Amino acid sequence: RIIVITTRKETIKYRHIALKKFKKSLPENFIQIHQSIIVNMQYIEIVELCKQRLKLTEADVILPVGRSYLKEVGGKINDL
């Protein structure tokens, strides 16, 4: 169990904490998009729900959106 937090400035690793427990400590602007990925909604640039992926601002990585998270992600994005 290792959680890797990636920010613009650094990468931080936490050991021995479940993602579910860690998610409870985050503010409401964080959303889980995959069984192993949580993102800050303020940094979502592009959402392609039909292709099950999204892109964050200032990132060169396309992140997958898990099938079980599509409805929640779609609802939260529409609220923005």
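This one's a predicted model, so the numbers in the text were calculated from it and none came from an experiment.
- The side chain to side chain contact (heavy atoms under 4.5 Å, CB included) test applied to Ser25 returns Phe22, not counting sequence neighbours.
- Residues satisfying the side chain to side chain contact (heavy atoms under 4.5 Å, CB included) test with Val4, not counting sequence neighbours, are Ile2, Thr6, Thr11, Lys13.
- With sequence neighbours excluded, the residues forming a salt bridge (Lys or Arg N to Asp or Glu O under 4.0 Å) with Arg8 are Glu58, listed by chain and number.
- Partners of Gln52 under the side chain to side chain contact (heavy atoms under 4.5 Å, CB included) rule, at least two apart in sequence or in another chain, are Arg67, Leu70.
- Pairs engaging residues 31-41 under the salt bridge (Lys or Arg N to Asp or Glu O under 4.0 Å) rule: none recorded [sequence neighbours left out].
- Every residue two or more places apart in sequence or in another chain that forms a side chain to side chain contact (heavy atoms under 4.5 Å, CB included) with Leu19 is listed here: Ile3, Gln32, Ile38.
- In this structure, Gln42 CD and Asn29 CG are separated by 4.5 Å, a value rounded to the nearest 0.5 Å.
- Applying the salt bridge (Lys or Arg N to Asp or Glu O under 4.0 Å) test to pairs two or more places apart or on separate chains, those with a residue in residues 18-47 are Glu45-Lys55.
- In this structure, Ile17 is not a member of the same hydrophobic cluster as Ile37, with clusters built from ILVMFWY side-chain heavy atoms closer than 4.5 Å.
- Annotation: ring-ring contact (aromatic ring centres under 6.0 Å, His included) contacts involving residues 23-62, sequence neighbours excluded, are absent.
- One finds the CD atom of Glu10 at 4.0 Å from the CD1 atom of Ile12 (value rounded to the nearest 0.5 Å).
- Of the inter-residue distances, the one linking Leu63 atom CG with Ile33 atom CD1 reads 4.5 Å to the nearest 0.5 angstrom.
- Remark: Glu48 pairs with Arg53 by the salt bridge (Lys or Arg N to Asp or Glu O under 4.0 Å) rule, at least two apart or across chains.
- Once rounded to the nearest 0.5 Å, the distance linking CG of Asn40 with CD1 of Ile5 reads 12.0 Å.
- Note on Val61: it clusters hydrophobically with Met41, by side-chain heavy-atom contacts below 4.5 Å among ILVMFWY residues.
- In the hydrophobic cluster analysis, where Ile, Leu, Val, Met, Phe, Trp and Tyr join through side-chain heavy atoms closer than 4.5 angstrom, Tyr14 is grouped apart from Val39.
- Taking the side chain as every heavy atom from C-beta outward, Leu54 and Ile62 never approach each other to under 4.5 Å.
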